[in-house]
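Okay, structure first, notes after.
Every chain is numbered from 1 and lettered A, B, ... according to where its sequence line falls, protein lines coming before strand lines. Values below: every heavy atom of this structure, side chains too, minus hydrogens, waters and symmetry copies.
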Number of protein chains: 2
Amino acid sequence: MKLNDLQTTTRWTLAGRAGKMNPSVIREILKVTERPGIISFAGGLPSPKTFPVSEFRFACEKVLRDDGPAALQYAASEGYGPLREMVAAMLPWNVDPARVLITTGSQQGLDLVAKVLIDTGSRILVETPTYLGALQAFTPMEPKVVSVASDAEGVDVDDLAAKAAATATSGAARFLYVLPNFQNPTGRTMTEARRAALSRRAAEIGLPLVEDNPYGDLWFDAPPPAPLTARDPEGCIYLGSFSKVLAPGLRLGFIVAPKAVHPKLLQAKQAADLHSPGFNQRMVAEVMKDGFLDRHVPTIRALYKSQRDAMLVALKREMQGLDVQWNTPDGGMFLWVRLPQGMTAIELLPKAVEKGVAFVPGAPFYAGEADPRCLRLSFVTATVEQIDTGIGALAAAIRAMGSQG
Amino acid sequence: MKLNDLQTTTRWTLAGRAGKMNPSVIREILKVTERPGIISFAGGLPSPKTFPVSEFRFACEKVLRDDGPAALQYAASEGYGPLREMVAAMLPWNVDPARVLITTGSQQGLDLVAKVLIDTGSRILVETPTYLGALQAFTPMEPKVVSVASDAEGVDVDDLAAKAAATATSGAARFLYVLPNFQNPTGRTMTEARRAALSRRAAEIGLPLVEDNPYGDLWFDAPPPAPLTARDPEGCIYLGSFSKVLAPGLRLGFIVAPKAVHPKLLQAKQAADLHSPGFNQRMVAEVMKDGFLDRHVPTIRALYKSQRDAMLVALKREMQGLDVQWNTPDGGMFLWVRLPQGMTAIELLPKAVEKGVAFVPGAPFYAGEADPRCLRLSFVTATVEQIDTGIGALAAAIRAMGSQG
């Protein structure tokens, strides 16, 4: 190494928070699974069959023809007015469009929430397990993340109250981050009874809720219970996304926030990227007008339900005789699997990839102690035929690993 | 106020940094100037005449027809490969495409730099005055911002060295943020001699540079000197933008960063919004291929030069007999004006708006003590006729204010 190299590589002092950032485990896994021939249940990628490409073609052409210069100019940080009104109108409680902030995907919503609500060392609460992307968004603000006990119906309300309370060394928790519908990673849905209990208890103890709802529209047989935010709009921040009902590649989501927080989220948004692309916002508004989602989303539901069903059938057939458990999600994109005792998902992964199938181990989704036997399967990216083959390969890998151990 | 209101408004505890965020002064001014009939020199909006709308129409159609599902799917955080290669190829030094990170406008580049390099209380250095948007992006990470003495050629290198050094109470400055070409707000350009001196001194004292170059292509008679990053790529982070050469509404920019920083910027990017819109990136790559910018950018230069000239002519004519000074920018979008002694830009603004013209006072652009007599005029948004009328109105407001005082 030349002296000059040494000087230049040591010139940069990174912020403390940079040491806490890590490459996404999922990202690294996805690289492996991009090898040809691998059937991937790993990514959280919506099925491209559901992207309304021809509607977007018409919308692009119309926006650029009728409104090109405005669509391509700098714009307000709040977002495109008509789109904010559509968002307010489609939510199942009384939402003032002035409280809607359009974000660059709902991932940015999480980044803004972190900036505005988290001080270094302040406690925030999450489900067990929780969405990995949220942990990544919160980490740079250096919170102490506390995992709240959770079961198939959602968070344990008593454990929540205990962990929310101020302690000798720190103030009350800043918020609970919760994804009640078809959760990523588990696919589970918070029941009506649990929502009611959580909402009541949070209000009693003064705990703010950050409710993330990217999958809520993707229900199979019946809509999920009303959002937590609908029960207490001033006590909740609500995050939504167009990624799963239209397309992720446009990077558009939204935040609905109470009066106490909205102006600061807006200022943070302005500092973060000035505004989300105005062109994309107009495209989405153009596609959505005249009730397009009412016709389009049922087709996504039907497709994903058929893929979930195919995965359930394949699991039942292929996992016979193996002590493997899984749940039956009522919507969304993911199913949660628990391996036999003594087996870990991290160890299984390379064996499964050898057999031609990939998944995401559950461990990275835990803020606290992980259950190493759990893994996440996406049923929306692979075809029904690939699901059949892939679950067979997964069972073969489990069987082979069990006979070794 | 009902008890319930009180409870809900006090439930939210904001992060300390949220108290330091403020609504943009410029934003508030722009609201005033949106009144019909006001000629605005306030906004930093590129002329919509320069947006290649028909090229975008063709590009949208082609991308959605040939590559729709991929363009609309989730994508890599680094950005679209072919666009990263185009960025590397168009920069005037040897850039590895692997070091290019596509961002959601260069504003996001500033946000990521702040996250990765600023700890609470760490010192960062800026020019006097400096770009307000950068101050807004850095503020949430709570740095101590130190203003380095600057003249018409750029930062004072001796003052820089003094202020960069570690002090009894803090470590060495983390970086100097510098906008060398046609600076926002002053329009000034750092000379070759100053760049050489700055680059040498920064390397000697081990001070990293963050070089922002959104306007560099918009030169009028001759290109500006080579970027600071070209002289020392491992000692500099370089920020670029497509907003001024194509269109801001797509929100696309890029960062080129040294090996010591790139991986952390990438992780911060992933946490911030997963990736910039893949659809927009493909549109821009499609428009840019076959050397479109080589044909298009000269037309922007010619237009902006004619508008700068119109403003210079109007200033010379209208400001006769008033002790008003201004500079002659060699490119970009802005011109810097200094009012007569005893007059402040903040006080002048409402009088100017009464006469039908708006500008941005200079004070918000100073991290340290402001020169209250300075103001920024954009010459790119208004037409030549509006520039004539608007500068006349501005002179009338100055004259009226002078005779009052």
Side-chain angles (χ1 to χ4, degrees), chain A residues 7-9 11-18 21-24 45 48 51 53 56-57 60-61 64 68-69 71-75 104-105 107-108 111 115-119 136-137 139-140 174 206 208 234-235 247-251 260-261 264 267-268 270-274 276-280, chain B residues 7-9 11-18 21-24 45 48 51 53 56-57 60-61 64 68-69 71-75 104-105 107-108 111 115-119 136-137 139-140 174 206 208 234-235 247-251 260-261 264 267-268 270-274 276-280:
Chain A
Q7 283 178 332
T8 54
T9 53
R11 193 186 303 180
W12 297 89
T13 300
L14 299 182
R17 77 178 65 78
M21 298 175 190
N22 284 304
S24 161
L45 306 182
F51 302 160
V53 177
F56 280 134
R57 283 170 72 174
C60 278
E61 177 58 21
L64 287 176
L72 295 167
Q73 187 56 282
Y74 283 116
T104 308
Q107 185 71 24
Q108 184 183 50
D111 174 75
K115 280 176 174 152
V116 164
L117 294 179
I118 299 175
D119 282 305
Q136 291 177 317
T139 294
R174 293 293 168 93
E234 294 302 312
L250 301 178
R251 308 305 304 120
V261 190
K264 288 295 167 188
Q267 291 164 23
Q270 190 180 18
D273 64 3
L274 299 183
S276 296
F279 176 62
N280 302 230
Chain B
Q7 283 178 332
T8 54
T9 54
R11 192 186 303 181
W12 297 88
T13 300
L14 299 182
R17 76 178 65 78
M21 298 175 188
N22 284 305
S24 162
L45 306 183
F51 302 159
V53 177
F56 281 133
R57 284 170 70 175
C60 278
E61 177 58 20
L64 287 177
L72 295 167
Q73 187 56 283
Y74 283 116
T104 308
Q107 185 71 25
Q108 185 184 48
D111 174 74
K115 279 176 174 152
V116 163
L117 294 179
I118 300 175
D119 281 306
Q136 290 176 317
T139 294
R174 293 292 168 94
E234 294 302 313
L250 300 177
R251 308 305 304 122
V261 190
K264 288 296 165 186
Q267 290 163 23
Q270 190 180 17
D273 64 3
L274 299 182
S276 297
F279 176 62
N280 302 229

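Ranking A/Pro277, A/Cys60, A/Ala268 against chain B, the residue ahead of the rest is A/Pro277, based on heavy-atom pairs under 4.5 Å. Ranking A/Gly68, A/Gly206, A/Pro208, A/Pro48 against chain B, the residue ahead of the rest is A/Pro208, based on heavy-atom pairs under 4.5 Å. The greatest number of non-hydrogen atom pairs below 4.5 Å with chain B, out of A/Leu64, A/Leu72, A/Leu14, is found for A/Leu72. Residue with the most contacts toward chain B among A/Gln267, A/Glu61, A/Arg174: A/Gln267 (heavy-atom pairs, distance under 4.5 Å). With chain A as partner, the option from B/Gln270, B/Gln108, B/Gln73 having the largest number of non-hydrogen pairs under 4.5 angstrom is B/Gln73. By number of non-hydrogen pairs under 4.5 angstrom with chain B, the leading residue of A/Pro248, A/Gly105, A/Gly278, A/Ala247 is A/Pro248. Contact tally against chain B (heavy-atom pairs below 4.5 Å) for A/Ala71, A/Ala272, A/Pro140: the top residue is A/Ala272.
Rounding to the nearest 0.5 Å gives a distance of 11.0 Å between CG of B/Asn280 and CZ of A/Arg251. Rounding to the nearest 0.5 Å gives a distance of 8.0 Å between CZ of A/Arg17 and CD1 of B/Ile118. Rounding to the nearest 0.5 angstrom, the gap separating the CZ atom in B/Phe279 from the CG atom in A/Leu250 is 7.0 Å.
For a residue to count as touching a neighbouring chain, one of its non-hydrogen atoms must lie under 4.5 Å from one of that chain's; by this rule B/Arg57 touches chain A with backbone and side chain alike. Only the backbone of A/Ser276 comes within less than 4.5 Å of a heavy atom in chain B; its side chain stays farther off.
Contact record, B/Leu117 with A/Thr13: CD2-O, 3.6 Å, taken as the closest heavy-atom pair. Between B/Ala15 and A/Asp119, the closest heavy-atom pair is CA-OD2, 3.4 Å. Of all heavy-atom pairs between A/Pro69 and B/Phe51, the closest is O-CE1, 3.5 Å. Nearest heavy atom pair, residue B/Lys264 against residue A/Met21, reads NZ-O, 2.9 Å. The shortest non-hydrogen separation linking A/Trp12 to B/Glu234 is NE1-O, 2.9 Å. The two atoms that bring B/Val116 and A/Ala18 nearest to each other are O-CB, 4.0 Å, heavy atoms only.
In this structure A/Ala75 satisfies the side chain to side chain contact (heavy atoms under 4.5 Å, CB included) test together with A/His275, sequence neighbours excluded. A/Gln136 meets the side chain to side chain donor-acceptor pair (under 3.5 Å) test with no other residue; sequence neighbours excluded.
By the 4.5 Å heavy-atom criterion applied to side chains, A/Asp111 and B/Asp273 are not counted as neighbours.
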